[in-house]
Amino acid sequence: MKKILAIPAYIWAVACFLLVPVTFIKNEAFAEQLAKLPFMKIHPKYKGGELNRSYEHNGLSVKINMPVFAALFGEGNKGFVQVAFSAPAQLPEQIEETIDYNFDNSPDFRVTINTLSGETILIPLDQTVKSLYASSKVKDDWVIRVNLKKD
Amino acid sequence: MNKPVYATEGSIWKSILLTFPMIMLIFIFISGGTPDLSTPEKSIAFLITFLFLTLLFFMILYTGKTDRYRAWGFIAMALFFALTFIVNLIKARGSMTFSQENLLACEIPFCHIVTTMIIIPIALTNSIIFPGSIIGGFASIASMLVIVIGVSFALGRGFCSWGCFYGGWDDGTSRILRKPKIKKINPVFRWVSFAVLLIIALISAMSLNPAYCDWFCPFKTVTEFEKVTSFTVLMKTIVFLSLFVGLVIILPVLTGKRIQCATFCPMGALLSLTNKINPFDVRIDKLNCSNCEKCVKACPTLSLSTNDVTAGRPSITCMKCGKCVDSCSRRAIHYHIKGTPVGKHYSWARNLFLYPAFLLLVLFLGGPMQSGIIMLINLIKTGSLIN
């Protein structure tokens, strides 16, 4: 009886031997399948949020994302909004834009970016806007994230 | 009582015969089927890697010593992985640091330890709290998760001694002193890693931030870390450097134990749980055991205590490195396949474990070792690792 019970155990062990190379050989195919699962997406805190609106202004394409107020449950009080600037050819040396991130027809902050040095000056024009969180060239765009606090 | 002997032990022909399938696998997996011998450097790198791995596996079979030869490959894996990772980072980014651009572009390579920090947020926010790429590029999240899941099912926490490209650091430093300065360590410390796992998982979930990566991971010292641009980042840098020096160098040297792996790695704790879902474990044949406790002293991960010897098995934290098996003069402690009798079929159980475990080592070591050797040849020829 013990010998009979040992047979599936050995088969299990052999299957595990096969599982190791299969995991690596078929890694790309398995990864593609795994990536299709609904939870396989980067959290907006890292991705920068969904695109909310984009427009052209002063020869620049301005993309404003949805504000992110990340929390484990619901929404937090503190968050950020990501804005990306891009140009058809090359980013200008100086970017100066006034942004209305919540589209209430009232400017929320003014930003001045020196794209050569990276120096970024943020002037809050609304009480929900707190400070600059990040400002960097990302591929061909210049991306800023601005800290927000809910009213 | 005579010490049981493995079928291949001391027999050159049997060892060669059982090494042969592994030779084929090593050839296929380190060359992709066709070795790239287009330059002398690549040919030398391939040849050295192939011979090194083949020799290790042969010696494991021929001498009956598992850990003694596993450790060579495992430590080489850690060193070559760090070398190639750092050199490639410097080639791509110009330094070991990652910048705000890399974070905003979600270009940070995903390592297996992050798995412990993303589970709760996945359940509650349906997304992954890590600035990496889901698929494509180097070390994508989906690709690494597939490896973690596959290897967990195959080897459980055996990953920590055969596949983890960090573990070789403290495995190596724990072997520096022949006789450790601190001899008595309470085995209760092996449960600390579970506390670390719990705390890290909760902090990461609450802050939606992979806290261990951000603050504590000592292995950032030998991979990549955030560019120091603020006081907070400076504090983080001091913390992970201190942990590397303390947990990966000083304490392993003094104790002869893999302190980082045994007490501070949250991934190790998570993989301990997967020890339950794979067929391989280590068992003690109590009829043959003389209670000398050499295995307890040998275990580098605090997984064996007097009580465990009495119970006939190491704790759930066992990393299947084989050091206890090597230390037993009566071979009372041995690799075992669940569902088969204890104290019998030593060779079958050992060989069935060794093939997938060693193959994992080959898969993780093959590429970095070849690249690393080419870099070292270039260093000798040109004086620079980066060419």
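Predicted, not measured: the structure shown is a model, and the values here were computed from it. In the text below, chain A, chain B and the rest are named by the order of the sequence lines, each starting its count at 1.
Residue pairs meeting the ring-ring contact (aromatic ring centres under 6.0 Å, His included) criterion with at least one member in residues 121-145 of chain B, sequence neighbours excluded, are F85(B)-F138(B), F110(B)-F130(B).
The parts of K41(A) that come within reach of chain B are both its backbone and its side chain, each placing non-hydrogen atoms under 4.5 angstrom from that chain. In this structure, chain A has a heavy atom under 4.5 Å from the side chain of I135(B), while its backbone stays farther away. Contacts of I25(A) with chain B are made by side-chain atoms alone, with heavy-atom separations under 4.5 Å and no backbone atom involved. Contact annotation for F24(A): only side-chain heavy atoms (C-beta onward) come within less than 4.5 Å of a heavy atom of chain B. Heavy-atom distances place no part of S99(B) under 4.5 Å from chain A, backbone and side chain included. Using a 4.5 Å cut-off between heavy atoms, A15(A) makes no contact with chain B at all. With a threshold of 4.5 angstrom between heavy atoms, P21(A) approaches chain B through its backbone and through its side chain. Both the backbone and the side chain of E32(A) come within contact range of chain B, with heavy atoms under 4.5 Å apart. Contacts of K47(A) with chain B are made by both backbone and side-chain atoms, with heavy-atom separations under 4.5 Å.
The environment of CD in E119(A) is sparse: at most 12 heavy-atom neighbours from other residues, nucleotides or ligands sit within 6.0 Å.
Residues C16(A) and P279(B) are in side-chain contact: their nearest non-hydrogen atoms beyond the backbone lie under 4.5 Å apart.
For the atom pair CD1 (I128(B)) and CZ (F39(A)), the distance works out to 6.5 Å, reported to the nearest 0.5 Å. A distance of 7.0 Å separates CG in L72(A) from OG1 in T125(B), rounded to the nearest 0.5 Å. Note: L104(B) CG to Y46(A) OH = 12.0 Å, rounded to the nearest 0.5 Å.
Comparing T23(A), L19(A), I42(A), V20(A) by how many heavy-atom pairs each has under 4.5 Å with chain B, the most go to I42(A). Ranked by heavy-atom pairs under 4.5 Å with chain A, the first of S133(B), C106(B), P131(B), G339(B) is P131(B).
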